[in-house]
Amino acid sequence: MRFIITRTAMAIPTLLIVAVTVFILIRMVPGDPAALMLGDNADAESVARLQARLGLDQPLPVQFAVWFRHLLTGDLGQSITTGQEVLPLVWKRFLVSAQIVVVAVFLACLIAVPAGAIAAWRQNGRLDVSLVSLATLLMSIPTFWLGLLLLLFLGLKQQWLPVVGYVSIADDPWRGILYLVMPILTMFLHELGVLLRMARASTLEVKNLEYISHARAKGLAESTVLWRHAFKNSFGPTWTLIGLVLGNLLGGIAVVETVFTIPGIGRLLVDAIFGRDYPVIQGCMLMIAAIYVVVNLVVDLCYPLFDPRVAVE
Amino acid sequence: MRLPFQINAMVGGAIIGFLLLVALCGAFWTPYDPLGISFSDKLTPPGPSHWLGTDEFGRDVASRLMAGAATSVWVSITTVTLAISVGVVIGVTSGYARGWFDRIVMAFNDALLAFPGILLALGLLAVLGANKYGIIVALGIAYSPSVARIVRGTVLSIREREFIAASRVTGNSEIYTMCRHVLPNCIAPLTVLATSMFGWVLLAESSLSFLGLGVPPPAPTWGNMLASARPFIAQAVWLAVLPGLCISITLLGINLLGDALRDRLDPRMRGRT
């Protein structure tokens with residue numbers, strides 16, 4: 001229980017500094033934030049009104065306090081280009097990206113984690129060298145190129161899957177899934193490489209420890225030693241990496257969404273940067289960074305399930 | 001059986017050596033003008049006159065790949081240098097000063113690490129503007145926190161050692177001690193990090209260029225060549241395949257070289273990655 005409280009409390013300053021960083025970043029943009037937020041067609045009166053509402057005539061710490069109070073109530077302003085409320089917009093787009101990232105990472109874990117453990121168990125053997133080479137190769141292919149190749153072969157040449165676009169699973173489950181297959185496959189193949197290498201490295205960490213020799217000396221079968229004894233202890237570091245991978249994918253998903261024209265949070269952020277839509281940029285950055293912190297918090301909170309020593313320490 | 005890791009170093013080194021050679025050549029000479037438009041030659045498949053074909057404006061793809069290599073390598077090397085310089089200054093100062101200064105600096109540093117690198121770079125690009133220099137500064141700042149963390153760790157671990165005390169006792173200034181005795185101990189972990197970072201930056205630069213937030217066209221980069229190839233991939237496969245192949249082979253070379261270096265410089269990790 002103490003572990004849960006301490007670890008959760010540690011996430012709060014991080015979230016606070018994330019908020020400060022995003023605040024400073026948007027304030028670094030040359031020009032008056034209120035004028036920027038209202039766009040080029042705004043008249044002087046509405047700029048003055050927004051300035052007063054955001055406290056822009058006050059000193060910087062007060063401005064931050066006002067901004068932070070709005071943030072806590074979920075008021076992230078409105079998009080300059082579309083006039084939509086930022087929070088519902090960002091949340092809707094985030095859910096689209098999340099279904100791609102979560103499914104891809106889940107599938108990659110299912111295959112990469114056991115494959116990595118087996119590779120480590122047969123270190124330097126033919127299977128290990130093949131698996132590591134395959135993983136290194138997959139890691140070296142950028143997702144946007146892999147996506148383009150899949151699009152070219154599975155979509156345009158073979159016509160097995162719809163090429164670009166997005167249909168919500170809620171509207172039409174079958175077509176929705178078909179549109180998601182290629183983006184998920186792209187991310188899955190990339191993450192397969194990263195996770196396999198990590199799972200292999202952490203299995204190697206425990207492979208030569210004394211308790212493994214002890215388990216073998218007891219006469220246990222190799223497979224029991226690997227899965228019952230080594231795997232349990234080597235899963236911890238991989239589990240931590242899964243949290244980092246999820247966050248990184250959310251940050252880097254914009255390219256995959258661009259290839260397949262998917263209206264996710266990454267594409268929203270890039271379009272907002274093009275349109276200088278600062279409230280949306282701010283909303284996307286806060287959302288992705290907050291999800292990243294929260295996912296890593298959840299990952300850490302689950303860690304004692306695999307390694308009870310962490311909670312005791 | 002240690003053979004695969006020697007092969008790693010050889011293959012990785014050969015790929016990176018070849019890349020640097022092509023980039024250096026591409027900066028001064030290319031078979032055709034990489035920006036030279038020729039509508040009569042547009043979308044010509046690879047053949048004797050244009051070895052790797054031409055693009056939608058009839059520009060020679062091989063020349064554009066060479067010029068793109070020069071840009072990508074230049075951007076990556078400058079960015080890595082910037083990230084390492086900023087990270088080393090922050091890490092060394094913080095680790096040497098300790099106390100409240102260290103705590104505040106590291107709190108901010110860790111919060112920056114809480115952003116996925118590419119996200120922070122995207123945010124900074126919104127402020128700095130999407131161009132070559134914007135990318136260098138944005139990625140340089142985005143990747144410096146990891147350098148600062150490693151350098152600070154190394155500084156903290158050796159600052160209490162006898163040879164540092166000895167340097168102070170002989171009357172050397174703090175700055176001299178730092179540069180002459182503390183920094184050289186950071187070189188091994190920094191070399192490993194810089195190699196991996198070269199790969200991350202090259203990938204990030206290509207991704208940003210692909211999104212249209214990098215080096216603006218018509219100047220070629222591998223990323224923006226892929227982006228502009230997108231509408232033509234069905235009729236001109238080479239446009240979609242070649243720039244991506246260049247990025248992948250380069251990243252493969254960097255990953256292999258990184259593994260070999262880690263193997264050599266960090267005995268704890270020997271054979272584990």
Side-chain angles (χ1 to χ4, degrees), chain A residues 13-18 20-22 25-26 28-30 120 123-125 129 132-133 136-137 139-146 148-149 151-152 156-157 197-198 200-202 204-205 244 247-252 254-255 258-259 269-270 272-274 276 278 281 284-285 288-289 292-293 296, chain B residues 1-5 7-8 107-108 110-128 130 199 202-204 206-208 210-213 222-223 226-227 229-230 233-234 237 240-241 243-245 247-256 259 268-269 271-273:
Chain A
T14 315
L15 281 172
L16 199 66
I17 298 179
V18 162
V20 174
T21 314
V22 173
L25 209 61
I26 298 299
M28 266 161 56
V29 176
Q123 191 185 7
N124 292 338
V129 173
V132 172
S133 309
T136 312
L137 189 70
M139 251 175 71
S140 308
I141 302 178
T143 45
F144 50 93
W145 188 51
L146 193 58
L148 273 181
L149 291 182
L151 196 93
L152 182 62
L156 292 171
K157 297 263 186 231
R197 284 170 54 114
M198 185 63 201
R200 177 179 176 273
S202 43
L204 284 180
E205 286 275 338
L244 296 174
N248 272 323
L249 280 185
L250 270 182
V255 283
T258 303
V259 172
L269 174 59
V270 173
I273 294 175
F274 278 126
R276 302 180 79 79
Y278 292 103
I281 297 176
C284 290
M285 290 199 63
I288 298 176
Y292 191 53
V293 173
N296 280 301
Chain B
M1 191 174 119
R2 306 266 310 127
L3 198 64
F5 298 99
I7 294 176
N8 272 356
F108 265 95
D110 289 351
L112 288 182
L113 281 174
F115 282 94
I118 189 93
L119 177 71
L120 190 59
L122 278 172
L124 286 164
L125 274 179
V127 178
L128 298 164
L202 196 118
L203 180 62
S206 311
S207 307
L208 292 172
F210 179 77
L211 291 172
L213 291 168
W222 294 341
L226 267 181
R230 234 183 114 218
I233 55 171
V237 179
V241 171
L245 201 61
I247 303 175
S248 300
I249 292 176
T250 306
L251 290 178
L252 184 67
I254 294 169
N255 284 334
L256 292 176
D259 284 354
R268 215 181 64 83
M269 294 298 289
R272 294 209 170 141
T273 48

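The sequence lines fix the lettering, A, B, ..., with proteins before strands; numbering per chain opens at 1. Just so we're clear, the structure is a prediction, and the values are computed from it rather than from any experiment. Side chains are part of it too, since the values below use all heavy atoms of this structure and drop only hydrogens, waters and symmetry mates.
- Side chains of A/Phe274 and B/Leu213 form a contact here, defined as non-hydrogen atoms less than 4.5 Å apart.
- A/Val270 approaches A/Ala254 most closely through the heavy-atom pair CG2-CB, 3.7 Å.
- Here B/Ile247 contributes atom CD1 and B/Leu252 contributes atom CG; the two are 13.5 Å apart, rounded to the nearest 0.5 Å.
- Contact check for B/Leu122 versus A/Ile281: no side-chain heavy atoms found under the 4.5 Å cut-off.
- Of the two parts of B/Ala204, neither the backbone nor the side chain holds a non-hydrogen atom closer than 4.5 Å to a non-hydrogen atom of chain A.
- Contacts between B/Leu202 and chain A at a heavy-atom distance below 4.5 Å are absent for every atom of the residue.
- Across A/Ile141, A/Leu156, A/Ile17, the residue that shares the most heavy-atom pairs under 4.5 angstrom with chain B is A/Ile17.
- With a 4.5 Å cut-off on non-hydrogen atoms, A/Val18 touches chain B through its backbone and its side chain both.
- Side-chain contact check for B/Leu211 versus A/Phe144: every heavy-atom pair is 4.5 Å or farther apart.
- At least one side-chain heavy atom of A/Leu149 sits under 4.5 Å from a side-chain heavy atom of B/Val241.
- A/Ser140 OG to A/Leu146 CG: the interatomic distance, rounded to the nearest 0.5 Å, is 11.5 Å.
- Rounding to the nearest 0.5 Å gives a distance of 8.5 Å between CZ of B/Phe210 and OG1 of A/Thr143.
- If you measure heavy-atom distances from B/Thr250 to chain A, you find no contacts under 4.5 Å at all.
- When heavy atoms are compared at a cutoff of 4.5 Å, A/Leu148 approaches chain B by way of both its backbone and its side chain.
- Residue A/Leu269 touches chain B through its side chain alone, counting heavy-atom pairs closer than 4.5 Å.
- The greatest number of non-hydrogen atom pairs below 4.5 Å with chain A, out of B/Ile254, B/Leu245, B/Leu128, is found for B/Leu245.
- Chain A forms more heavy-atom pairs under 4.5 Å with one residue of B/Leu256, B/Ile233, B/Leu112 than with any other, namely B/Ile233.
- For chain B, the nearby parts of A/Thr258 are the backbone and the side chain; heavy atoms of each come within less than 4.5 Å.
- Interface check for chain A: of the options B/Ile118, B/Leu119, B/Leu124, the most heavy-atom pairs under 4.5 Å are formed by B/Leu119.
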